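Please read all numbers here as calculations on a predicted model, not as lab measurements. Order of the sequence lines sets the chain letters (A, B, ...), proteins ahead of strands, with each chain counted from 1.
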There are 2 protein chains.
Amino acid sequence: MTEPKKPDAPAATGPAKKHAREGKSNPTIYDIAKVAGVNPSTVSRALSKPGRVSAKTQKLIEDAAAELNYQVNQFARALPTGRTSTFGLIVADITNPTFFDIIRGAETTATLRDYTLMLAESEESAVTELTAARRMMATVDGLILASPRMDDDDIRTLARDKPVVVINREVDGVPCVVPDVNKGISEAVRSLAANGHRKVAFVAGPPQSWMSARRWEGMRAACEWSRLEAVRLDSTKPTVNGGREVARVVRDSGATAVLTYNDLLAIGLMQELQAAGMVVPDQISIVGFDDIFGADFTTPPLTTVRSPLGECGSGATTLLLDLLHGMGEPAGILRVETELVLRGSSGRLLPPG
Amino acid sequence: MTEPKKPDAPAATGPAKKHAREGKSNPTIYDIAKVAGVNPSTVSRALSKPGRVSAKTQKLIEDAAAELNYQVNQFARALPTGRTSTFGLIVADITNPTFFDIIRGAETTATLRDYTLMLAESEESAVTELTAARRMMATVDGLILASPRMDDDDIRTLARDKPVVVINREVDGVPCVVPDVNKGISEAVRSLAANGHRKVAFVAGPPQSWMSARRWEGMRAACEWSRLEAVRLDSTKPTVNGGREVARVVRDSGATAVLTYNDLLAIGLMQELQAAGMVVPDQISIVGFDDIFGADFTTPPLTTVRSPLGECGSGATTLLLDLLHGMGEPAGILRVETELVLRGSSGRLLPPG
DNA sequence: AGGCAATTGTCAACCGGTTGCCATAAATTG
DNA sequence: CAATTTATGGCAACCGGTTGACAATTGCCT
């Protein structure tokens, strides 16, 4: 029917000539139709609308497809339908290990359901993030935003277009996956109180971080409950260096225990305090947040409030899948538990001298 | 229900965008054509074939495109051309920090050139890897394999279809990005020799790892040169736990310094030796490989041979871009330098007692 | 056997951008 | 000024899978 174009161009057409498909392109539903002796549209239905064709024809077509080693052309499918079998995942910083478990959780779950994952990084910038998100929207079926930096409104706008799931932040009207910090924090605070600490400092994360605010709130409440004094200190950046930089302020605060916004801060802080001659945990207890890769490499290994980040990634992906296939608009918030991981960096305060 | 489209009106030109509702469907080149008063094909040319249309028309079209906030439909473009502006990246293990920097390097470089990155994981399995690669081939313009586990032949077969770049391994006939271990290793060995060590152990990685073999070879050569005795020990897995498990063998070997296949092994080994009461580096020196995230969290911080992994990722992406646009068959091997990062885990041996 | 509904397959029109071919307008040249 | 080359825009046929509309086939009853 359709005569294949045979451009016997003698002149080299392009440099990528080597990889050009020379006549032998991939099998299409038309090829299958020919082999099975049916119409292409029947093939299409057999392959994507189970039940629409008779069992006999179905088998015929499936056999032909298997024989030809057929696989759908995702682009040809995406063009009329818009379905791409692809999810987008945007993280603030690819080198931040916090996101690696999230990425892995999302990737694993997506692959399991025959979706692929597109990755982008916002470099901690709301503008870059929005740009990346906009660009992705065109080519994905749904989007996961891990610790997004952009406005709630921007997120809602995106979510009107296609399913969006947010990790590590609550946005009204958008499905979210959020670690419930209270359990882990209260465990941590109780543990500190039990070890005789009276004044605890919180080293905060970026001002615009929703999660940092939640953690500070949770800690203040837990301290009140345990009758501890809580002070809040600012950090410059939520990184190892940021932790180093905040060390002086921590010492000056007079607190004997510190809870930090994340593990990186805790590690940097511990390094700097130790370099200044302080002994952890004898003179000061340090508790991190997230339990990232490497949190147990330190000496002493870091006590930390674990967020099940992998679960967040796979939970968000599952939410997205549910939103797309079948079931309506559950949305709402998926809460995952946090817990204290007690290691060596926290403990009883030794009396000075 | 949409009304049946049976336009016997002969004047109908192009797909009439009847219900082009804002928000629902994006502007197309047909919309631009209408605004600019030209033919859709002219719009297509103006947007993708610079110079093919007059400057005047070009401007007209660009203005219209900007006004409508147009962006190409990648699927519609991919269908006839096969070009997708997408790269695939397959790593063995997403949680292995070795790949963090590779992913980031690739992502950054790709985004910079308006490509997006699709990520897949092989879970250290050659079969899963090949499956993932096959699936990706259909939807990407090129593929990056980081530390692939599959056969050389499988890789070459893939490479016949579309551009493929391999990281951390040499495959004949396929462009590769490989850290040149010799410089870093010889620096490490010389440093150990200078500190009085006479016998050095190498803790190997997975048997099928090409890179592990290179590192062992490099070390043996360097030791010969420095007149040191070199012994090779096997590990179970190239992870922290694998490092712990090999600790006993290391002690029994009588070596006073160890070079490990990667940092994870080194960290696990160091933890286990320290737990057994040995002092690092006074009683044994430990040198890792790669300088992954967290290598400096340990006490003492890990001395390691740094592989510029981010460079590998971005180098591979650049190679892919070169292969696609313009220049034909550079292929060959891109070597990147390694260097010793001297930290606290290696040093002079203290005389016993 | 005739009538009617339920199944199953076919036709053709999309989705949106690309590109070979051709007609025409513009520029160059003899 | 005519002839030829060249630059430019238009036409239409793709890419491959999807889907509404409809025809053909089958099954079931009376």
Starting the side chain at C-beta, find the nucleotide from [options] nearest to [X].
X       : options                : result
A/Val38 : C/dT10, C/dT18, D/dG17 : C/dT10
A/Thr81 : C/dT19, D/dG17, D/dT19 : D/dT19
B/Ser54 : D/dT8, D/dC15, D/dT18  : D/dT8
B/Arg77 : D/dG17, C/dT18, C/dG16 : C/dT18
B/Asn39 : C/dT18, D/dG10, C/dT10 : D/dG10

Rounded to whole Å, how long is the line connecting atom [atom1] of [X] with atom [atom2] of [N]?
X       : N      : atom1 : atom2 : result
B/Lys34 : D/dG10 : NZ    : P     : 15 Å
B/Leu79 : C/dT19 : CG    : P     : 12 Å
B/Ile29 : C/dG17 : CD1   : P     : 5 Å
A/Ile61 : C/dT10 : CD1   : C1'   : 12 Å
B/Asn26 : C/dG16 : CG    : P     : 9 Å
A/Leu68 : D/dG16 : CG    : C1'   : 15 Å
A/Gln74 : D/dG17 : CD    : P     : 10 Å
B/Gln58 : D/dA7  : CD    : P     : 16 Å

Original post:
Per the atom types in the model, does the base of D/dG16 pair as donor or acceptor with the side chain of A/Tyr30 at under 3.5 Å?
Top reply: no

Original post:
Under the criterion side chain to side chain contact (heavy atoms under 4.5 Å, CB included), which of A/Leu145, A/Ile144, A/Thr317 is the partner of A/Leu89?
Top reply: A/Ile144

**OP:** Would you tell me if any nitrogen or oxygen in the side chain of A/Lys49 comes within less than 4.0 Å of OP1 or OP2 on D/dT19?
**Re:**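 Yes.
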
Subject >> Electrostatic pair A/Asp152:A/Arg169 at N-O distance under 4.0 angstrom >> reply: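 Salt bridge flag = yes for A/Arg169 with A/Asp152.
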
Original post:
Is any NZ, NE, NH1 or NH2 atom of the basic residue among A/Arg104 and A/Asp101 found under 4.0 Å from an Asp or Glu carboxylate oxygen of the other?
Top reply: no

**OP:** Give the ring-plane orientation class for B/Tyr115 versus B/His325, where under 30° counts as parallel, over 60° as perpendicular and anything between as tilted.
**Re:** tilted

**OP:** Applying salt bridge (charged side-chain N to carboxylate O under 4.0 Å, His left out), run through A/Arg135 and B/Asp114 and close with a yes or a no.
**Re:** CA-CA 10 Å; A/Arg135 190 140 69 101; B/Asp114 272 319; 3.6 Å; yes

**OP:** Could you pick out which residue, B/Arg52 or A/Tyr70, lies toward the 5' side of DNA chain D when each is mapped onto its nearest nucleotide?
**Re:**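 Final value for this comparison: B/Arg52.
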
Original post:
Which residues within residues 41-48 of chain A lie with some heavy atom under 4.0 Å of an atom in DNA chain C?
Top reply: A/Ser41, A/Thr42, A/Arg45

**OP:** Identify the two heavy atoms, one from A/Ser44 and one from A/Ile29, that lie closest to each other, and give their separation to 0.1 Å.
**Re:**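 Heavy atoms only, the tightest pair is CB-CD1, 4.3 Å.
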
Original post:
So, the side chain of A/Gln58 versus the backbone of A/Ala46: is there a donor-acceptor pair under 3.5 Å, distance only?
Top reply: yes

